[in-house]
Amino acid sequence: MRVIGTVTGLCVLLTGMFVAWGWATREPDGEIPSVEPSGWEYRWGDSPLDTAGLPLWLNAAGPGWQPIAFPATPPERNGRDKVWFRLRLPDNQWHDPVLFLSSIDLIAQVYLGDRLIYQHGDFDDGGKITFAGWPWHMIALPRDFAGKTLCLRVFSDYTSIGLWGQVRLMERGEAYRQIIRRSAWDVAVSALALALSVFAAIFAASGVERRSFGAIALFAGASGLMLLAEAPARQLIAGNPLGWDLVRACSYYMLPVATALILAHWLKGSARRWMQRLWALHLGYVVLVMGLVQGGVVNLSLTFPIFDGLLVATLPAMLVLALWQWRALDGTQRTVVLCFAVFAPLLLADILVAHGFIPWQPIPLSFGSLAFSLSCVAISLHRYHRIHRELARSHETLEQQVALRTAELAQLVEELEGLSYRDALTGLYNRRHFDAAYAQACRRGESRGEFLTLAILDLDHFKRVNDRFGHDAGDSVLVTLAGLLKSHQHIGESVCRLGGEEFALLSHASPAVLAERLERLLGRLCAKPLKRGEMCLGHITFSAGIASYPVHSASPDGLLRLADEALYCAKRGGRSTVAIYSASAEPCLQTQDAGQDADCDERYGVSGDPQHSHAQMGQDSRQEKTREETSAEKKP
């Protein structure tokens, strides 16, 4: 509704401007009326020149001149392109007299007596004529023109030759007022049509009814430019008649293209296909002709008769195709066809006047163009708002469906996130979560100066469990250890399975406190052998390495390496132990001598139950010499 209000406001504004303009340019009382001169004579051919270089026919009083009602296309032309017209001017009634001519086909010289007073276009001695456009002409006359002979020498290879439209003697001021008065309505309609073209183009860009609004934008823009290029006031805007005629030709030639596009949007079946062929035919003509004109191959004036002949044939065909499906059309579509039925005869009448088939008279083409444009815009807006309401109604249902689907998707995403950060076997967090939690804990530890203690746990001889009892038994051992770790987990701590039989524990406790807790957990695990069903898996133990920030490292980033080194030392120290990292013990990691294991244990502060360690695992520990052998027993 806002768009309709905007268009209505624009129409009211332009109508008010037109009324104000008409009031400002009204003919004042007491003005001497203009006169249409009579008594014209013509003579085919061109005059020879005298010794002074002046045409002899300027003063010829002999035979050869024949009367004519209006100086345009005398009879028996027979392809001739040169003609003379003459007239004895009436008595002088004006202070600033001018001879106003609507148009000349195509170029001319105007003589008063034996003096050249006006020329339009250039004459070629070889007979070649260059089109110079169709402007109106205001020829100044001297105050003493009464009784003198006015001669026009005209050249034309167009369908008509001579003058066209109005020929009036009047005051210069009256001529300008008539120009403005005749142009006011056309300029106002042109401005409205161009505004409608912009609005239609905006709606076409929005994507709803794109083809319909696009065709309307093309038609309104073409008709608006054509009306502006044909309005007499165009020469007051810019004095380039050939440029204005080029604009008029392009816009005029695009009218049937836009009209057929609009009608094709409403039609169906074979009528639509034939309408599409018609607009394609006209579009091909526009492209071909404009290319030839710009290339200098043909004169622009010669393209109008061919196009008019084509339009006389195709315009009734468009109307017949539109009326052919009258019964199948709805009310809005019939309105468009009726408006086109009004516009088409006006366009045909304008063609007949232009080529002299009917006497010159102003054709209200702007009314038909405006009615057709407004009807198309109004109907398209009506369809647009109807579609918009339907979309709004369906939007509510769609929003409810989207909300439901969004809730389901959020639940699924939450489940997927849980799966991506959880170990499927043990239910603990996995390595992906550990990396993120470890990085966050490092940043928090540095910024707040908190303890950050990392413990890495590894099951002892886990490979033997898998080899002897099977992988299902090994999985049950991992699940048992995971359950113990979760049961001993404090608030703020994070327990993760790094992979295989290796686990990690992030805590803010001190290394000694965490080591004490892990020793109690190890004792609980060693208290009785594990079983899986009726199968006894034996005593299961683990080794652990602990490192802490800022006790063992100046930066929390290095805790992972230090805890890993403590773990390996615990393995070589007899397993089933918890080792706290010490910088003085690092040389023991570089040697393969088993004799140094005991010293390394003392430096690392290895804790646990020595009797239990030697009773269960001591013999195996003394036989292992290298770090590689220990790592080979790990489950990948």
Practice task
With the side chain counted from C-beta on, respond yes when L196 and I216 share a heavy-atom pair under 4.5 Å apart, and no when they do not.
Solution key: no
Fill in the blank from the handout: Closest heavy-atom pair, L525 versus T541, reported as atoms and distance to 0.1 Å, is CD2-CA, 4.2 Å
Exercise for the section: Go through the structure and list residues passing ring pair (Phe, Tyr, Trp, His ring centres under 6.0 Å) with H508, not counting sequence neighbours. Expected result: none
Problem - Stepwise side chain to side chain contact (heavy atoms under 4.5 Å, CB included) check, L537 with R468 - result: CA-CA 9 Å; L537 304 180; R468 182 177 179 183; over 6 Å; no
Problem - Contacts of type ring pair (Phe, Tyr, Trp, His ring centres under 6.0 Å), residue F434, not counting sequence neighbours - result: Y438
Practice task
Please name all residues satisfying side-chain hydrogen bond (donor to acceptor under 3.5 Å, both in side chains) with S507, sequence neighbours left out, ordered by chain then number.
Solution key: E493
Exercise for the section: Give the minimum heavy-atom separation between P256 and M318, together with the two atoms involved. Expected result: O-CE, 3.6 Å
Exercise for the section: Name all residues meeting the side-chain hydrogen bond (donor to acceptor under 3.5 Å, both in side chains) criterion together with Y253; count only those two or more places apart in sequence or in a different chain, and write none if there are none. Expected result: T303
Handout entry: Trace of the side chain to side chain contact (heavy atoms under 4.5 Å, CB included) decision for M535 with S476
Key = CA-CA 12 Å; M535 184 186 303; S476 68; over 6 Å; no
Problem - Side-chain donor/acceptor of R517 to backbone N/O of H488, under 3.5 Å - result: yes
Exercise for the section: Apply side chain to side chain contact (heavy atoms under 4.5 Å, CB included) to L506 and L452, showing your working. Expected result: CA-CA 7 Å; L506 279 173; L452 177 58; 4.1 Å; yes
Exercise for the section: Measure the spacing between CG of L267 and CE of M275 and express it to the nearest 0.5 Å. Expected result: 5.0 Å
Handout entry: Whether over 12 other heavy atoms sit under 6.0 Å from R444 CZ
Key = yes
Problem - Check: F219 main-chain N/O paired with S223 side-chain donor or acceptor under 3.5 Å - result: yes
Problem - Those residues that, when tested against S543, pass side chain to side chain contact (heavy atoms under 4.5 Å, CB included) (two or more places apart) - result: D460, L567, A570, K571, R575
Problem - Check: L281 and Y285 side chains under 4.5 Å, non-hydrogen atoms - result: no
Practice task
Decide if atom CH2 of W279 counts as having more than 12 heavy atoms of other residues, nucleotides or ligands within a radius under 6.0 Å.
Solution key: no
Practice task
Taking H282 for its side chain and V257 for its backbone only, find out whether a donor-acceptor pair lies under 3.5 Å.
Solution key: no
Problem - Heavy-atom closest pair, residues L478 and G500 - result: CD2-O, 3.7 Å
Practice task
Please list, chain by chain and in numerical order, all residues satisfying side-chain hydrogen bond (donor to acceptor under 3.5 Å, both in side chains) with N240, sequence neighbours excluded.
Solution key: none
Completion exercise
Residues A579 and A566: closest non-hydrogen pair is CB-O, 3.5 Å
Problem - Aromatic Y429 / basic R422 pairing, under 6.0 angstrom, 45° off normal - result: yes
Fill in the blank from the handout: When rounded to the nearest 0.5 Å, the distance separating CG of L321 from CG of L263 is 9.0 Å
Fill in the blank from the handout: Between S548 and the options I580, T453, L514, L454, the side-chain contact (heavy atoms from CB on, under 4.5 Å) test singles out T453
